[in-house]
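The chains referred to below are lettered A, B, ... by the order of the sequence lines, with proteins before strands, and numbering in each begins at 1.
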There are 2 protein chains.
Amino acid sequence: MTRMPPPTVLDRLLEIGELFQHDMATAFDGTGLTPARVRVLWVIRHGGPMTQQALATALGVSARNVTGLVDALEQGGHVARSPHPTDRRATIVSLTGAGEQRMTQMQSEHADLTADLLDAVEPADRAALARGVDAIAERLRALIAADAERRTSSAERSA
Amino acid sequence: MTRMPPPTVLDRLLEIGELFQHDMATAFDGTGLTPARVRVLWVIRHGGPMTQQALATALGVSARNVTGLVDALEQGGHVARSPHPTDRRATIVSLTGAGEQRMTQMQSEHADLTADLLDAVEPADRAALARGVDAIAERLRALIAADAERRTSSAERSA
DNA sequence: TATTGTTATACTCTATAACTATA
DNA sequence: TATAGTTATAGAGTATAACAATA
């Protein structure tokens, strides 16, 4: 049994990530929405109507996965499928009126939460906090990209 | 299609949470480990050998879920089940030698990552960053607790 | 020949409910 | 009567592989 060390900044960041997830997962009860489905809605909200292939790339998941997510969102009335104007293989997914409305509401709730949480930080600490999380996010992105690169080239060597 | 607003501190925290998850999920290829299983290992590592019931409480998941996770970890040789000395209903789950070894390695990798990421932050910003994330984590915990409270009492009213 | 989306199949995480053995 | 763990069942998210229609 190992002694629990005092939490570091990183431990706190991990905890915050888990708390956010928990908050997300419990917030959608009865709406037919789930974290994965809401991610789809955010991508369309920000990127506009797009093919399922584009959704798969933007979300970093398989095409098969997108089929299932869009099926559920379509059945729930949040998105609609329409034929691509020129490519008859492709399907365009767009938000319905109800979907747009829901996203507007979620965006406003997100803004409220942002304001509430930032309000808990000492005003004098806010600028440094913003710089700090930016730096950490950037470094983490770089580490993951390097890791993916390493993984890819080692896969190529073995092929 | 909505204009993408500049990322706030909260957006960055969400992004960091997702990056950590991604990092976790890809780090276990070929080990038979998954994020959920590793969470079990961390709880035992910090809390010592315990019953599955205690694990379920510590993890915040159902007893059924623990059965499955422990099954997989046992099969992978990371943990062992043993009878409770006095309560013949209960099972004690403890780390095997291999499990301990794996956790020591993961703990060291976690420490390296912590040092690496913190190193990316300007030294003058570090104290404010630590205070800021502490404050945000505390506020978020309070919000979620209040939400759970509200949910519970409304469930009681309808019962 | 390559790409888009679907069907087929499988694995992980999660939950509730029913059941067994014990307390 | 209550608790610990399991079996039964189900739903969500994810993946790969095979396939049809189209480019």
Q: State, to 0.1 Å, how close A:Pro49 and A:Ile92 come at their nearest heavy-atom pair, and which atoms those are.
A: CB-CG2, 3.8 Å
Q: Mark yes or no for whether B:Arg37, through its side chain, and B:Ala72, through its backbone, hold a donor-acceptor pair below 3.5 Å.
A: no
**Q.** Sub-4.5 Å side-chain heavy-atom contact between A:Leu69 and A:Arg64
**A.** no
Q. So, A:Asp11 side chain and A:Thr8 main chain: donor-acceptor pair closer than 3.5 Å or not?
A. yes
Q: Take B:Gln105 and B:Glu109 through the side-chain hydrogen bond (donor to acceptor under 3.5 Å, both in side chains) test and state the conclusion after the steps.
A: CA-CA 6 Å; B:Gln105 184 198 344; B:Glu109 287 169 0; 3.0 Å; yes
Q: Write down the distance between CD (B:Gln52) and P (D:dT7), rounded to a whole number of angstrom.
A: 11 Å
Protein N or O to nucleotides 16-23 of chain D N or O, pairs below 3.5 Å:
{"from": "D:dA23", "atom 1": "OP1", "to": "A:Thr86", "atom 2": "O", "distance (Å)": "3.4"}
{"from": "D:dA23", "atom 1": "OP1", "to": "A:Arg88", "atom 2": "N", "distance (Å)": "2.8"}

Q) For A:His22, does the NE2 atom sit with more than 12 other heavy atoms under 6.0 Å from it, leaving out its own atoms? A) no
Q | Atom-to-atom span, CD of B:Gln21 to P of D:dG13 - whole angstrom | A | 14 Å
Show the distances under 3.5 angstrom between N or O atoms of the protein and N or O atoms of nucleotides 10-12 of chain D.
none

Q: Could you check if a side-chain atom of A:Gln52 sits within less than 4.5 angstrom of a side-chain atom of A:Val93, using non-hydrogen atoms only?
A: yes
Q) Are the charged groups of A:Glu74 and A:Arg81 less than 4.0 angstrom apart, N to O? A) yes
Q | Boundaries of the DNA chain C segment in contact with chain B, non-hydrogen, under 4.0 Å | A | C:dT12 to C:dA23
Q | B:Glu15 and B:Arg12 ion-paired at < 4.0 Å | A | yes
